[in-house]
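Keep in mind it's a predicted model, so treat the numbers as computed, not measured. Whatever order the structure lists ligands and atoms in, that order sets their numbers, starting from 1.
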Amino acid sequence: MPNRLDLPAGFRWGASTASYQIEGAVDEDGRGPSVWDVFAARPGATKGGQTGRIACDHYHRYGEDVALMRGLGLDGYRFSIAWPRVRPAGDGAVNPAGLAFYDRLVDELLAAGITPLPTLFHWDLPQALEERGGWLDRDTAYRFAEYTETVADRLGDRVPAWITLNEPFVHMVYGYALGIHAPGRTLMLDALPAAHHQLLAHGLAAAVLRERGREVLIANNLTPVRAASQSPADVAAAAAYDALHNRLFTDPLLLGHYPDLSAYGVAEDLGGCVRDGDLELIAGPGLDGLGVNYYNPTRIAAPTEPGLPFAEAPIDGVPRTAFDWPVVPDGLRELLTGLKARYGDALPPVTITENGCSVADEITPDGTVDDRFRIDYLAGHLDAVAQAVAEGVDVRGYFTWSLLDNYEWAEGFSQRFGLVHVDFETQRRTPKASYAWYRELITAHHALHVR
Ligand code: BGC
Ligand code: BGC
């Protein structure tokens, strides 16, 4: 069985973060408010009322954080750019101080030999745009393209590849359908325009980046969907869930059309928001890479109540993370080979843009963090990637979630995903055992495939 050291030469090792989860400094240097500042301030919206006001204070400590990345020997670093730092009101004036922060960060990364891989939108929409409808409003897609121009003109000379959006599925479902994340809307299926307008934004921004000769990726949250049984009702429910979670956000990009959502009573024009020409824009000339964020598979059964055409079924008999997510490394192999089977030659090279787990990590009296659970998680998932590669999937890199313990959205600081422990009182960083493990893996892989 191939294992992680068999990953091909040139395979890129990285780590990921996101602006609102680490930066803090929410009202410094002209940053405007984001939907997350507003949502997190609502009583009861997040665990313990916690917000990203300070988070990891990365805005001030990025030098120390890049030094930690250099210590790991990373090839690449995936971070996100906060739109409200760059254009505080969403459109209109550009904030030079906000752009200057990312300029410094990019230069610091390059000096450390690390290729920056920025994401343009990781959920922190300028609040001013939310007040005009947010992603329910088609206009937001055009504002995103303008913001992309601003950032690409400033950083594009040093940044070869860009990720447009992070997980439009999770943002639509958690933010607009269920109200668990910002902006806290509870629209259920009426949230679908937020899918289309995010994809349209991707298409418009992709054109801006391509004009400048840059590579374009998107980071989708994907999950292999397993039917709870082979009964026709369970199989149909699994197909319906797969269409919503996976196909809705990948078919238009790779195949140029939306999947069949008739199980939801929704036509292919997603309730009328799809206009002539939109699908051509979304697919464009194709992606340079598909970013895959994978955490766990999903098991689906037929619904027992009226409403949605599926019900989530438990996955038993496997380890679980602190978040209670099931740990199924082979699900990543299954996902990757399934993408290849589904899209064939239309599947661009894949980069794993997130994968990791939360652990209830504690610093021991001797000052170390023994996160063996995370090491096992990462090792198992990387072996699964190597197996998918051996089965013919072109996977170019792996970016673990996350470099640092950080602000886990509605869960506040209660879920630790980092290779580096962060004490949120003192901002002290302590590399965990997984940090040393990842460094050794990267060193060993680089040595096998002399660059
Ligand atoms: C899913 C993850 C997803 C998360 C969003 C979980 O239920 O399993 O894949 O990233 O929700 O916070
Ligand atoms: C998101 C991250 C998040 C991680 C763990 C993904 O859904 O992109 O922002 O922290 O999963 O929940």
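Contacts of Asn166 with ligand 2, taken as heavy-atom pairs under 4.0 Å, involve the side chain alone. No part of Tyr174 comes within 4.0 Å of ligand 2, judged by heavy-atom distances.
Side-chain atoms of Arg12 and Thr115 form a donor-acceptor pair, as typed in the model, at a separation below 3.5 Å.
Stacking of Arg429 on the aromatic ring of Tyr435 is not recorded, the 6.0 Å distance cut-off and the 45° axial limit not both being met.
Between the choices Glu408, Glu411, His122, His181, the shortest heavy-atom distance to atom 12 (O) of ligand 2 belongs to Glu408. For atom 8 (O) of ligand 2, the nearest non-hydrogen atom from the set Gln415, His171, Glu354, Gln21 belongs to Glu354.
Which parts of ligand 2 touch Trp123 is read off a 4.0 Å heavy-atom cut-off, strictly below it: atoms 1 (C), 7 (O). Set against the non-hydrogen atoms of Glu167, the atoms of ligand 2 under 4.0 Å away are 1 (C), 6 (C), 7 (O), 8 (O).
Put simply, the residue from Asp278, Val274, Leu253 that forms a side chain to side chain contact (heavy atoms under 4.5 Å, CB included) with Leu199 is Leu253.
The closest approach between Phe169 and ligand 2 stays at or above 4.0 Å for every heavy atom of the residue.
For His181 and Trp36, the gap between ring centers is short of 6.0 Å. Between Trp401 and Tyr295, the distance separating the two ring centers is not shorter than 6.0 angstrom.
Aromatic ring orientation, Phe144 versus Phe121: perpendicular (interplanar angle above 60°, classes split at 30° and 60°).
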